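This one's a predicted model, so the numbers in the text were calculated from it and none came from an experiment.
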Amino acid sequence: DLHSFPTRRSSDLVVAMLMGAVHLGAEVAVADVLDSRLDAARSLGAALTVNTKENDLEKAIANWTQGLGASVVIDAACVPELFASLLRMASPAGRVAHLGFSERPAQFLPLDITKKELTICGSRLSRRMFPRVIDWFSGGVDPEKLVSHTFPVERVEEAFRLIEERPLETCKVLLTF
């Protein structure tokens, strides 16, 4: 039950990955529990958006891929209880990337990895990606689409309160000088 887990503050990461993937020509699916985020994902080029409070993500991915599964599954929610589902959504010879730092164990069947010949990797969002992302910005990806709120520097405390108290409503908060 994908919607029963708390949403992490990963919206900025998801938006950046979506923008980069679409820029590179990928068809991207985005799942979330907030319609506002899904609307934003569609406006940035997501081919499929799924509200996991209302729809079964595994079924939606199966339908979208005609039963083949996704060639790349990126876990930005970082909820260990979802890992087995991510493996099931991946296509044969697919890749699953986990971006989280949870110390809780994930339960899954190793056979799900072996029978599909999946590649599993973790990422700390390597800083070596900065030159590529800067190239994306030079080549048409609009970094301003990452900005959800703008504050003058005199309201810096209010900006930080927004980030801390309402993380689901923020992506990147910009201070102007």
Side chain proximity check, L87 to I120, heavy atoms < 4.5 angstrom: yes

Could you measure the distance from the NZ atom of K116 to the CG atom of L111? Nearest 0.5 Å is fine. 11.0 Å

Taking all heavy atoms of V22 and all of G45, pick out the closest pair and write down the distance. CG2-O, 3.8 Å

Between L86 and F108, is there a side-chain heavy-atom distance shorter than 4.5 Å? no

The test is side chain to side chain contact (heavy atoms under 4.5 Å, CB included); show your working for E54 and D35 and say whether it passes. CA-CA 10 Å; E54 301 168 2; D35 286 330; 4.3 Å; yes

Pair D32-N51, side-chain donor/acceptor within less than 3.5 Å: no

Interatomic distance, CG@L162 vs OG@S148, rounded to 0.5 Å, equals 7.0 Å

Minimal heavy-atom distance between I61 and A70, with the atoms involved, is CG2-N, 4.2 Å

Taking the side chain as everything from C-beta on, heavy atoms only, tell me whether V73 gets closer than 4.5 Å to H98. no

Might you work through the side chain to side chain contact (heavy atoms under 4.5 Å, CB included) test for L48 and V30, ending with a clear yes or no? CA-CA 6 Å; L48 173 71; V30 175; over 6 Å; no

CZ on F177 to CD on E154, rounded to 0.5 Å: 9.0 Å

Where is the tightest heavy-atom contact between P80 and P105, given as atom of each residue plus distance? CB-O, 3.5 Å

Starting at OG1 of T52, measure out to CD of E58 and round the result to the nearest 0.5 Å. 12.0 Å

Minimum heavy-atom distance between V50 and A60, given as atom pair plus value: CG2-CB, 3.7 Å

Would you compute the distance between atom CG of D112 and atom CZ of F83 and round it to the nearest 0.5 angstrom? 10.0 Å

Taking the side chain as everything from C-beta on, heavy atoms only, tell me whether F151 gets closer than 4.5 Å to T176. no

Drop me the distance from L82's CG to R88's CZ, to the nearest 0.5 angstrom. 9.5 Å

Can you list the steps and then say if V96 with D75 is a side chain to side chain contact (heavy atoms under 4.5 Å, CB included)? CA-CA 7 Å; V96 177; D75 174 19; 5.6 Å; no

Looking only at side-chain N and O atoms, does R95 offer a donor or acceptor that is under 3.5 Å from a partner on T119? no

If every non-hydrogen atom of T49 is compared with every non-hydrogen atom of A46, which pair is closest and at what distance? CG2-CB, 3.9 Å

State yes or no: do V153 and F160 share one hydrophobic cluster built from I, L, V, M, F, W and Y residues joined by side-chain heavy-atom distances below 4.5 Å, directly or via other members? yes

Same cluster or not: are L18 and L24 linked, directly or through other Ile, Leu, Val, Met, Phe, Trp or Tyr residues, by side-chain heavy atoms under 4.5 angstrom apart? yes

Is it possible for you to say whether V156 and V173 belong to one hydrophobic cluster, with membership spreading through side-chain heavy-atom contacts below 4.5 Å? yes

Does the side chain of E27 reach to within under 4.5 Å of the side chain of W64, using non-hydrogen atoms? yes

Looking at S71 and S91, what are the two nearest heavy atoms and their distance? CA-OG, 3.4 Å

A side-chain contact here means heavy atoms from C-beta on lying under 4.5 Å apart; do R104 and E81 qualify? yes

When you compare the side chain of M89 with that of L57, does any pair of heavy atoms fall below 4.5 Å? yes

With the 4.5 Å side-chain cut-off for hydrophobic clustering, are I163 and L175 part of the same group? yes

